[in-house]
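Following: one structure in structure tokens, then a few remarks.
Within every chain, numbering begins at 1; the chains are lettered A, B, ... in the order of the sequence lines, protein sequences first and strands thereafter. The basis for the numbers below is simple: all heavy atoms, side chains too, and nothing from hydrogens, waters or symmetry mates. Quick caveat, the model's predicted, so the values are computed rather than measured.
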There are 2 protein chains.
Amino acid sequence: MVRKTKEDALATRNLLLDAASRVFSEGGVGHTTLNDIAAEAGLTRGAVYWHFQNKSDLINALWERVALPMQQALDQIRSEFAHDVLAMTRAKSRWVLRQVVHDESTRQFMSILLLRCEFVAELASARDYMLAQRDQCIGQLADEFALAITRGQLPDTVRAQGAAISLLALMDGLCMHWLLNPQAFDLEQVGGVALDAYLDGLAIPR
Amino acid sequence: MVRKTKEDALATRNLLLDAASRVFSEGGVGHTTLNDIAAEAGLTRGAVYWHFQNKSDLINALWERVALPMQQALDQIRSEFAHDVLAMTRAKSRWVLRQVVHDESTRQFMSILLLRCEFVAELASARDYMLAQRDQCIGQLADEFALAITRGQLPDTVRAQGAAISLLALMDGLCMHWLLNPQAFDLEQVGGVALDAYLDGLAIPR
DNA sequence: AAATTTACATACATCCTTGTATGTATGTCA
DNA sequence: TGACATACATACAAGGATGTATGTAAATTT
């Protein structure tokens with residue numbers, strides 16, 4: 001097979017991204033060659049270099065493809081819980097845990113992000129993109145906490161920004177340890193309990 | 001200079017480990033070559049291959065050199081707080097945060113572990129060693145939580161193992177995010193607050 | 001003091017990996 | 001129905017990185 005229609009070409013591009021996600025999540029970003037990716041997709045490096053400038057460009061594309069839907073899903077949850085911000089925060093966190101456990105592409109993405117990617121100079125643009133996503137996520141959480149404080153759901157001694165960072169840290173840490181050994185514990189159960197403990201602990205007046 | 005005494009050779013070995021720690025924490029494990037390490041130490045690959053079988057072997061040595069003193073320091077803290085297990089857990093956690101912020105080698109180690117290392121097949125033995133260390137750490141924390149439950153410091157609805165995993169996850173997540181951007185927040189301050197919130201949240205009867 | 005070992009440095013062969021250049025068959029458009 | 005552009009595959013050149021083999025000067029042993 002050679003020349004394809006535009007839809008076929010887009011499908012090929014997604015095929016490559018799927019393959020990259022799989023191979024990266026197994027072999028690590030730095031240890032994976034473009035040939036590995038192409039072979040996993042049943043193609044050659046010619047296809048990779050046609051659709052992407054290089055490995056770094058491919059990684060950027062990979063992250064955009066995952067980050068956008070994830071952000072949209074979280075926005076959807078935000079809109080559903082506008083009346084109760086703490087419930088919103090809880091729902092978002094639980095959704096992430098559920099996705100990591102049950103959705104393979106999300107799991108692969110988190111695995112790459114947390115365990116299979118060295119954030120080095122070569123991937124500077126990908127790193128910056130990821131940091132921007134993180135800051136946006138923290139900003140949203142901080143807004144939620146700030147709103148919870150003004151609504152009296154949390155004491156005004158709580159620092160919204162710090163609380164947001166810590167929540168994200170807890171989530172990432174839980175995902176990281178679960179991905180290191182998924183049969184070690186139930187991520188949704190243990191994570192849910194930890195989430196409740198942390199948020200309820202924040203609510204204690206100090 | 002060529003031939004050294006045995007003490008000199010041991011110093012050279014440590015020089016190489018120091019250099020590896022530095023270069024790994026900057027350039028990532030997978031992207032760093034043995035020549036990079038040797039050059040950073042002012043030596044050649046000949047020295048590296050004399051003291052270590054290969055890169056994987058070097059990494060194992062690196063981790064053993066850091067993990068042992070860290071475990072000993074934590075044991076020291078454990079012995080000091082035998083009368084109050086929850087205070088012990090708090091003290092251990094705060095000590096880790098303090099070390100990461102103020103001790104460069106600890107910071108480099110955590111940076112490598114959390115951000116600059118792809119846990120792939122090539123590093124299987126290092127991965128296993130690290131997982132064993134982690135399990136031991138979780139086991140200790142779980143024992144502490146279990147003791148706190150029997151002493152009535154925590155309600156018996158708390159699952160010691162899950163609580164331990166979550167605490168370690170929180171610590172690792174905090175360190176990871178701080179290392180990603182150290183000027184974003186004060187690790188000791190924010191981490192301390194998060195730690196208190198989580199542990200106090202665990203203590204709430206459910 | 002000679003022999004041997006140690007602790008490296010240097011040199012070499014091999015194997016990727018990347019980037020690019022070129023080939024090629026097929027859509028697409030005039 | 002050419003002519004051109006597209007979507008790849010294939011081929012090629014260059015630079016590393018690894019592992020090993022060899023060289024070597026000082027330390028240690030005998």
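Remark: C1' of dC8(C) and CG of L43(B) are 8 Å apart, rounded to the nearest angstrom. Separating the CG atom of D8(B) from the C1' atom of dT6(C) is a distance of 12 Å, rounded to the nearest angstrom. dT6(D) atom C1' lies 14 Å from atom CG of L10(A), rounded to whole Å. dA7(D) atom P lies 14 Å from atom CG of N14(A), rounded to whole Å. Rounded to whole angstrom, the span from the CG atom of L16(B) across to the C1' atom of dA9(C) amounts to 13 Å. Atom pair I37(A):CD1 and dG19(C):P shows a separation of 12 Å (rounding to whole Å applied).
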Please tabulate, for the side chains in residues 75-88 of chain B, all donor-acceptor contacts under 3.5 angstrom to protein atoms that are two or more places apart in sequence or on a different chain.
{"residue": "Q76(B)", "atom": "NE2", "partner": "E80(B)", "partner atom": "OE2", "Å": "2.8"}
{"residue": "R78(B)", "atom": "NH1", "partner": "Q140(B)", "partner atom": "OE1", "Å": "3.4"}
{"residue": "R78(B)", "atom": "NH1", "partner": "E144(B)", "partner atom": "OE2", "Å": "2.7"}
{"residue": "S79(B)", "atom": "OG", "partner": "Q76(B)", "partner atom": "O", "Å": "2.6"}
{"residue": "D84(B)", "atom": "OD1", "partner": "L86(B)", "partner atom": "N", "Å": "3.3"}
{"residue": "D84(B)", "atom": "OD1", "partner": "A87(B)", "partner atom": "N", "Å": "3.2"}
{"residue": "D84(B)", "atom": "OD1", "partner": "Q153(B)", "partner atom": "NE2", "Å": "2.9"}

Return a table of donor-acceptor pairs under 3.5 angstrom between the side chains of residues 183-191 of chain A and protein atoms on other chains or two or more places apart.
{"residue": "D186(A)", "atom": "OD1", "partner": "E188(A)", "partner atom": "N", "Å": "3.0"}
{"residue": "D186(A)", "atom": "OD1", "partner": "Q189(A)", "partner atom": "N", "Å": "3.0"}
{"residue": "E188(A)", "atom": "OE2", "partner": "H102(A)", "partner atom": "ND1", "Å": "3.4"}

Side-chain donor-acceptor pairs of residues 107-115 of chain A under 3.5 Å, sequence neighbours excluded:
{"residue": "R107(A)", "atom": "NH1", "partner": "V100(A)", "partner atom": "O", "Å": "3.4"}
{"residue": "R107(A)", "atom": "NH1", "partner": "V101(A)", "partner atom": "O", "Å": "2.8"}
{"residue": "Q108(A)", "atom": "OE1", "partner": "S21(A)", "partner atom": "OG", "Å": "2.7"}

N/O donor to acceptor pairs below 3.5 angstrom from side-chain atoms of residues 157-173 of chain B, sequence neighbours left out:
{"residue": "S166(B)", "atom": "OG", "partner": "G162(B)", "partner atom": "O", "Å": "2.9"}
{"residue": "D172(B)", "atom": "OD2", "partner": "H177(A)", "partner atom": "NE2", "Å": "2.6"}

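For the OP1/OP2 pair of dA7(D) and a distance below 4.0 Å, the side-chain nitrogens and oxygens of W50(A) include at least one atom meeting the criterion. Distances shown here put every side-chain N or O of H51(B) at or beyond 4.0 Å from the OP1 or OP2 atom of dA7(C).
Contacts of S105(A) classified as side-chain hydrogen bond (donor to acceptor under 3.5 Å, both in side chains), with partners at least two apart in sequence or in another chain: D103(A).
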Name the pairs: protein N/O against N/O of nucleotides 17-19 of chain D, kept only if under 3.5 Å.
{"residue": "dT18(D)", "atom": "OP2", "partner": "T33(B)", "partner atom": "OG1", "Å": "3.2"}
{"residue": "dT18(D)", "atom": "OP2", "partner": "L34(B)", "partner atom": "N", "Å": "3.2"}
{"residue": "dG19(D)", "atom": "OP2", "partner": "Y49(B)", "partner atom": "OH", "Å": "2.3"}
{"residue": "dG19(D)", "atom": "N7", "partner": "R45(B)", "partner atom": "NH1", "Å": "2.9"}
{"residue": "dG19(D)", "atom": "O6", "partner": "R45(B)", "partner atom": "NH2", "Å": "2.5"}

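R116(A) places no side-chain N or O within 3.5 Å of a backbone atom of F24(A) that could act as its donor or acceptor partner.
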